[in-house]
Visitor: 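Please find one structure pasted underneath; my questions will follow.
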Amino acid sequence: MRACAIALIRRGIASEIGTLSHPFSLFCSDLRNVGFQCRRHFSSLLRLDFSIVKDMGFASFVFGEMIKVRPPPSVSMFNNMLHVVVKMEQYTAALSMFDEMRQSGAPMNVYTMNIAINCYCLLNRVDFGFAVLGCCFKLGYEPNVVTFNTLLKGICIDDKVIEAEQLFSKLLALDLCEPNEVMISTLINGLCKGGYTGRACDLLALLETRSYKPNVCAYNALIDGLCKDGRVEDALSFFRKMIDNDIPPDVVTYSTTMCGLCGVGRWKDVEYLVNEMLNRKISLNVFTFSILVNALCKEGNMKAAEDVLEVMIRQNISPDVVIYTSLIDGYCSRGQMDKAKEIFHSVVDQGLEPNIITYHSLIKGYCTNGKIDEAWCLFLEVPHKGLQHTAHTYNTMIHGLFREGRFAEGCDLFYRMEDQQVHPDLVTYTILLDGLLRDHQIDKAFSFLRRMEDSGFYPDIVTYGTLVKGLCADGRVEAARHIINRLPSKGLQPDVQMYTMVLVSLYQQGLVMEAKGLLREMEENGCSPCSVTYNFIIRGLLKSNKHCWAMQFLKEMIIRGFVADSTTVSVLLKFQTQKKDEIKF
DNA sequence: GCGGCGACAG
């Protein structure tokens, strides 16, 4: 045990090992249970049920024994051992074992090499995966379809899906291996997840004309990609197509399709599919219920979400933390913080562990409902629960502090985020820009903008919208106008909201000619003023006492068939009461 | 004998 620990520590993986101090008595009883009577005959472990290896401490111990014993255990035992460690997501540890096996001349085969390649891929080092492929050739282990498929997946993980597609074509052209169903699924999934759903459709169509048969996983991946792209009709046509091609949809197909339908509010179709599933004797599982509950929560239909929860409990399917997180998020969005908190406590009471997303939902709920101190308490609780903050939790907390006008604290939290090695993302920078602008720290905001560009984060339309809003609020309408002018050179098109903010500012400052020019430009760019534009302009003009202009816009809005929203109506009524002698409605 | 693919919460 000690030697094993030292060896592993030397390889720098001590941190990944977890409980090295596994009680020795427990090892012995575990080993007795699996028939490990005599160390010299490790072959008695051939039938060892590796599922009993549940922690790294025990895994390291068993591996240490395996590597020492003579004659050595079979190659499949070593592969089983590595596989267990991979399933525990301890990829670095598995690679250290692989390394040790090589150094001590333990038996290996192409399966071992494939496991090692998979570990490198899962650690985002597909380049090392290819190095192992080189070793395969050198050592005479002939790579097979699994080897290439693992590398293909690694390339996809590395966000180079097009290269994966090229490798696939090369494999076909050079006849390096015969692609199978799993490989096709991997590539289709990679293409869809990488944002190339169109290419995935083309590939599937091409394969259908050949002898390669896409399986249910391939169809599911494609249906998922289409649904996430909002192409629900296309997803449904693939759903029908797979039935025509004698590939029966399974619970994943149904859940994925329902997820797409829920997203566009097609509840009747969802109901139809649930009935179809039941007719086909396919049971709804925890994923299916989770999709339904989440969609209902997003719609704000908490009663229906709770009903679905009850149905699943009645069917003896235990709701998991994901489902409860959806409910917490739903109640938080509706400002029902007491209900959200109650569910949070019930999660803990049931022995489930709230994760960082659960905490994020609750923190966000408190922030948006003006309970920043409660949010802060939860934020501080996260590391004590053994959870790690993410960019999401930092972003929400910083945003919450800024919303309360606590700019210095928000900025401090940003620096703490960097200290804690949580990498800021585009959302972080946008929130910071917003805060700095609202705190009238214009120069600091622009230096942040440069900093984000230096870090490789290029502002998107939301970031520019934030800049425009901040500059307008600060009365710097010229600077805001300049940003809009420069957008096309950055490959972005100004949107209605952006134009609206500048328009309101121009009218408020009495720059009527400029405003009219901008309105023309807006129409020319195919960005016609919408209901929101008119409402914002009218409210802005009333607030700055430019009621004549406001009335003119009101008239134009009505002519164009738009209506004043409730906020505008209340501002108009307030204005009417103040100036009832001057204005007649 | 042992390895590679799919659906859920921010």
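Per chain, numbering begins at 1; letters A, B, ... match sequence-line order. On a predicted model such as this, the values are computed, not experimentally measured, just so you know.
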Visitor: Is there aromatic stacking of A:F287 against B:dC8, centre distance under 5.5 Å, plane angle under 30°?
Guide: no
Visitor: Taking atom C1' of B:dG4 as reference, at what distance in whole Å does atom CG of A:L167 sit?
Guide: 14 Å
Visitor: Is the NZ or CZ atom of A:K339 both under 6.0 Å from the centre of the six-membered ring of A:Y331 and within 45° of that ring's axis?
Guide: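 Checked: cation-pi criterion met.
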Visitor: Roughly how many Å is it from OH in A:Y331 to C1' in B:dA9, rounded to a whole number?
Guide: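 So the OH-C1' distance, A:Y331 to B:dA9, works out to 16 Å.
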Visitor: For a quick check of understanding: with a heavy-atom distance under 4.0 Å over all strands, which category does A:I357 fall into, base, sugar-phosphate or nothing?
Guide: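 Result for A:I357 = base.
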Visitor: Measure from the side chain of A:V322, starting at C-beta and using heavy atoms only, and say which of B:dG4, B:dA9, B:dG10 lies closest.
Guide: B:dA9
Visitor: Salt bridge or not for A:K213 and A:E181, using N-O below 4.0 Å?
Guide: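 No.
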Visitor: Between atom CG in A:L292 and atom P in B:dC8, what is the gap in whole Å?
Guide: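 After rounding, the gap between these two atoms is 13 Å.
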Visitor: Walk me through whether A:N144 and A:T147 qualify under side-chain hydrogen bond (donor to acceptor under 3.5 Å, both in side chains).
Guide: CA-CA 5 Å; A:N144 57 20; A:T147 320; 2.9 Å; yes
Visitor: Which nucleotide sits closest to the side chain of A:V182: B:dC8, B:dC5, B:dA9?
Guide: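 When the side chain of A:V182 is considered, B:dC5 is the closest of B:dC8, B:dC5, B:dA9.
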Visitor: Mind checking the CE-CD1 spacing from A:M101 to A:I67? Nearest 0.5 Å is all I need.
Guide: 6.5 Å
Visitor: Separation of A:L309 atom CG from B:dC8 atom P, in whole Å?
Guide: 19 Å
Visitor: Could you go through residues 190-197 of chain A and list every donor-acceptor pair under 3.5 Å that involves a side-chain atom there, pairing it with any protein atom two or more places apart or in another chain?
Guide:
| unit_1 | atom_1 | unit_2 | atom_2 | d |
| --- | --- | --- | --- | --- |
| A:K193 | NZ | A:N189 | OD1 | 2.8 |
| A:T197 | OG1 | A:D229 | OD2 | 2.7 |

Visitor: What's A:H360 touching, base or sugar-phosphate or nothing? Going by heavy atoms closer than 4.0 Å.
Guide: base
Visitor: Compute the ring centroids of A:Y359 and A:F344, then answer whether they are less than 6.0 Å apart.
Guide: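 Here the rings of A:F344 and A:Y359 have centres that are less than 6.0 Å from each other.
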Visitor: Reckon A:T390 touches a base, only the sugar-phosphate, or nothing at all at heavy-atom distances under 4.0 Å?
Guide: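 Here A:T390 touches the bases of the nucleic acid.
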Visitor: Output the single nucleotide from B:dC5, B:dA7, B:dG4 whose closest atom is nearest the side chain of A:C217.
Guide: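 For the A:C217 side chain, the nearest candidate turns out to be B:dC5.
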Visitor: Tell me, with the steps shown, if A:T428 and A:D425 meet side-chain hydrogen bond (donor to acceptor under 3.5 Å, both in side chains).
Guide: CA-CA 5 Å; A:T428 321; A:D425 57 16; 2.8 Å; yes
Visitor: Calculate the interatomic distance between A:L151 atom CG and B:dC5 atom P; express it in whole Å.
Guide: 13 Å
Visitor: Send over the distance from A:L187 CG to B:dG4 P, rounded to a whole Å.
Guide: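 Interatomic distance, CG of A:L187 to P of B:dG4: 18 Å.
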Visitor: When you measure only distances, ignoring hydrogens and angles, does the side chain of A:D320 come within 3.5 Å of the base of B:dA9 through a donor and an acceptor?
Guide: no
Visitor: Between the base of B:dG1 and the side chain of A:S74, is there a donor-acceptor distance below 3.5 Å?
Guide: yes
Visitor: Quiz question: going by heavy-atom distance under 3.5 Å, is there a donor-acceptor pair between the base of B:dG10 and the side chain of A:T396?
Guide: no
Visitor: Main chain of A:K371, side chain of A:N369: is a donor-acceptor contact present, judged purely on distance under 3.5 Å?
Guide: no
Visitor: So if I take residues 189-197 of chain A and measure heavy-atom distances to DNA chain B, which residues fall below 4.0 Å?
Guide: A:N189, A:K193
Visitor: Hey, is the side chain of A:T186 pairing donor to acceptor with the base of B:dC5 inside 3.5 Å?
Guide: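 No such pair is found, so the answer is no.
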Visitor: Please give me every residue in residues 249-267 of chain A whose heavy atoms get under 4.0 Å of an atom in DNA chain B, ordered by residue number.
Guide: A:D250, A:V252, A:S255, A:T256
Visitor: For residues A:F239 and A:Y219, establish whether the separation of their ring centroids is below 6.0 Å.
Guide: no
Visitor: Go through the steps for A:T466 and A:T430 under the test side-chain hydrogen bond (donor to acceptor under 3.5 Å, both in side chains), then give the verdict.
Guide: CA-CA 7 Å; A:T466 302; A:T430 306; 5.6 Å; no
Visitor: Which nucleotide wins on minimum distance to the side chain of A:N215, given the candidates B:dC8, B:dC5, B:dG10?
Guide: B:dC5
Visitor: Describe the nucleic acid contact of A:V216 in one word from base, sugar-phosphate, nothing, applying a heavy-atom distance below 4.0 Å.
Guide: base
Visitor: Among B:dC5, B:dC8, B:dG10, which nucleotide has an atom closest to any side-chain atom of A:I291?
Guide: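 Looking only at side-chain atoms, A:I291 lies closest to B:dC8.
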Visitor: Are any of the side-chain nitrogens in A:E233 or A:R266 under 4.0 Å away from the carboxylate oxygens of its partner?
Guide: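 Looking at A:E233 and A:R266, the cut-off is met.
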Visitor: Could you work out which one of B:dC2, B:dA9, B:dG4 sits closest to the side chain of A:N355?
Guide: B:dA9
Visitor: Within the modelled atom types, does a donor on one side and an acceptor on the other bring the side chain of A:S76 and the base of B:dG1 under 3.5 Å apart?
Guide: yes
Visitor: For A:M417, which of A:N395, A:T393, A:T390 qualifies under side chain to side chain contact (heavy atoms under 4.5 Å, CB included)?
Guide: A:N395
Visitor: Roughly, in whole Å, what's the span from CD1 in A:I117 to C1' in B:dC2?
Guide: 15 Å
Visitor: Checking all strands, does A:V286 fall into the base, sugar-phosphate, or nothing category for heavy-atom contacts under 4.0 angstrom?
Guide: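 The answer is nothing, as A:V286 stays clear of every strand by at least 4.0 Å.
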Visitor: Could you tell me whether the side chain of A:S185 has a donor or acceptor atom within less than 3.5 Å of a complementary atom in the base of B:dC5?
Guide: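 Check passes, donor-acceptor contact within cut-off.
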Visitor: Any side-chain N or O of A:K87 under 4.0 Å from OP1/OP2 of B:dC2?
Guide: no
Visitor: What about A:N144, does its side chain sit under 3.5 Å from the base of B:dG4 through a donor-acceptor pair?
Guide: no
Visitor: Would you mind reading off the distance between A:I323 atom CD1 and B:dG10 atom P, rounded to a whole angstrom?
Guide: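 From A:I323 CD1 to B:dG10 P: 13 Å.
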